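Reading through the structure tokens given below for one structure.
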Amino acid sequence: MPGRLVTRAFFEDAVEHVAPRLLGKLLVHRTRAGVIAGRVVEVEAYLGPHHATLDRAAHSHRGPTPRNQVLFGPAGHAYVYSIYGMYFCMNITCEPTGHAGCILLRALEPVLGLEQMARNRLLDRLLPFAQRTRKGRGNGEEENGALANSNEMRALASGPSRLCQALGITRTAHNGVDLLDAQSALQVRDDGFRAERVRVTARIGIRHAAELPLRFCLEKHGCVSGPKKMSGRVVVFE
DNA sequence: AGGCCGATCCTCT
DNA sequence: GAGGATCGGCCTA
């Protein structure tokens with residue numbers, strides 16, 4: 001398993017604060033077929049109903065329901081829901097118990113298990129690419145900008161439902177899972193990667209509260225989803 | 001590069 | 001009964 005487990009305290013903070021810091025962390029899935037892992041390169045924050053700003057795009061904005069109850073529980077757990085009858089999206093719960101702030105994972109850079117990702121995504125034409133790629137064979141410490149920029153790499157896990165499909169994340173198997181437990185099949189880990197330039201923009205694909213600047217991505221990273229031309233502003237981390 | 005469309009079904013009102 | 005934190009295919013330019 002690459003890197004080290006992230007701490008609970010990291011996620012027990014205000015969601016707007018945690019979201020940009022989550023960029024660069026690893027989402028790791030231990031499966032029978034082997035370890036599948038990706039680096040978080042794009043996220044969106046969703047505000048709980050306790051927040052001063054009402055976020056009508058958040059699933060929690062009218063309070064707890066059977067679907068969203070995980071959001072009101074402790075930080076560092078997976079909230080996985082199904083959408084459009086055919087896909088899943090995954091969030092990570094933040095803030096103390098009772099506060100429903102969460103972070104939607106929107107895109108990963110494939111790091112380990114690229115061949116399994118291609119199979120899970122039903123992209124058989126990408127199997128040769130995944131086998132050829134160093135990272136796919138598991139010795140993947142090296143960062144290769146050209147590879148991260150390739151259409152093949154982007155096709156694997158750029159998009160909230162694509163990344164769930166690539167890692168094999170489903171609601172029945174993973175909703176409510178503790179991502180910070182060494183026993184869990186699904187974990188968030190830190191391998192020392194530090195984000196330098198983070199772009200902040202409006203969130204994608206929502207009707208309500210569409211103007212809030214709550215989408216965060218690694219600046220100029222080839223695996224970020226959505227339009228290539230981006231507005232918003234860039235924040236430099238030291 | 002960007003816009004429109006249909007698939008498909010769960011959730012909440 | 002309506003709508004949705006999407007995706008992939010197909011269209012125009």
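The structure presented is a predicted model; accordingly, all values stated were derived computationally and were not measured. Here is the naming used below: chain letters follow the sequence lines, and residue numbers restart at 1 for every chain.
- Across the protein-nucleic acid pair, Leu104(A) atom CG and dG4(C) atom P stand 16 Å apart, rounded to whole Å.
- Contact annotation: the side chain of Ile103(A) approaches that of Cys94(A) to within less than 4.5 Å [non-hydrogen atoms, C-beta and beyond].
- Protein atom CG of Leu163(A) is 12 Å distant from nucleotide atom C1' of dA5(C), rounded to whole Å.
- Residue-level contact check: Arg121(A) touches the backbone only, with heavy atoms under 4.0 Å from sugar-phosphate atoms and none from bases.
- Remark: C1' of dC10(B) and OH of Tyr81(A) are 12 Å apart, rounded to the nearest angstrom.
- Rounded to whole Å, the distance from CD1 on Ile204(A) to C1' on dC7(C) is 13 Å.
- dA5(C) makes up no base pair with any nucleotide shown, lacking Watson-Crick or G-U wobble contacts both under 3.5 Å.
- Residues Leu218(A) and Arg197(A) fail the side-chain proximity criterion, which asks for heavy atoms closer than 4.5 Å.
- Comparing dG4(C), dA5(C), dT8(B) against the side chain of Met86(A) picks out dT8(B) as the nearest.
- For Tyr87(A), whose side chain is taken as the heavy atoms from C-beta onward, the closest listed nucleotide among dA5(C), dT11(B), dT6(C) is dT6(C).
- Position along DNA chain C of the nearest nucleotide to Ile206(A) versus Leu123(A) favours Ile206(A) as the more 5'-ward residue.
- For the pair Arg62(A) CZ and dG4(C) P, the computed distance is 12 Å after rounding to whole Å.
- Taking the six-membered ring where tryptophan is involved, the planes of His174(A) and His29(A) are perpendicular, since the angle between them exceeds 60° and thus also 30°.
- In this structure, Asn175(A) contributes its side chain and Val80(A) its backbone to a donor-acceptor pair below 3.5 Å.
- Between Arg56(A) and dA5(C) there is no side-chain polar atom (N or O) within less than 4.0 angstrom of OP1 or OP2.
- Remark: Arg207(A) is not in phosphate contact with dA2(C), judged by side-chain N or O atoms under 4.0 Å from OP1 or OP2.
- In this structure, the CZ atom of Phe88(A) is 11 Å from the C1' atom of dC10(B), given to the nearest Å.
- Nucleotide dT12(C) forms a pair with dA1(B), judged by Watson-Crick or G-U wobble geometry with both contacts under 3.5 Å.
- Between the Ser60(A) side chain and the Gly63(A) main chain, no donor and acceptor come within less than 3.5 Å of each other.
- For the pair Tyr84(A) and dA7(B), the ring geometry does not qualify as stacking, because the centroid separation below 5.5 Å and plane angle under 30° are not jointly satisfied.
- Nearest to the side chain of Arg162(A), among dG8(C), dA5(C), dT13(B), sits dG8(C).
- Put simply, CZ on Arg67(A) is 7 Å from P on dA5(C), counting in whole angstrom units.
- For the pair Arg106(A) and dT6(C), the criterion of a side-chain N or O lying under 4.0 Å from OP1 or OP2 is met.
- With ring centers used as reference points, His59(A) lies 6.0 Å or more from Tyr46(A).
- Of the listed nucleotides (dC10(B), dG2(B), dC12(B)), dG2(B) has the atom at the smallest distance from the side chain of Pro227(A).
- In the set dC7(C), dG8(C), dC12(B), the nucleotide with an atom closest to the side chain of Thr65(A) is dC12(B).
- Whole-Å rounding puts the Leu122(A) CG to dG9(C) P distance at 11 Å.
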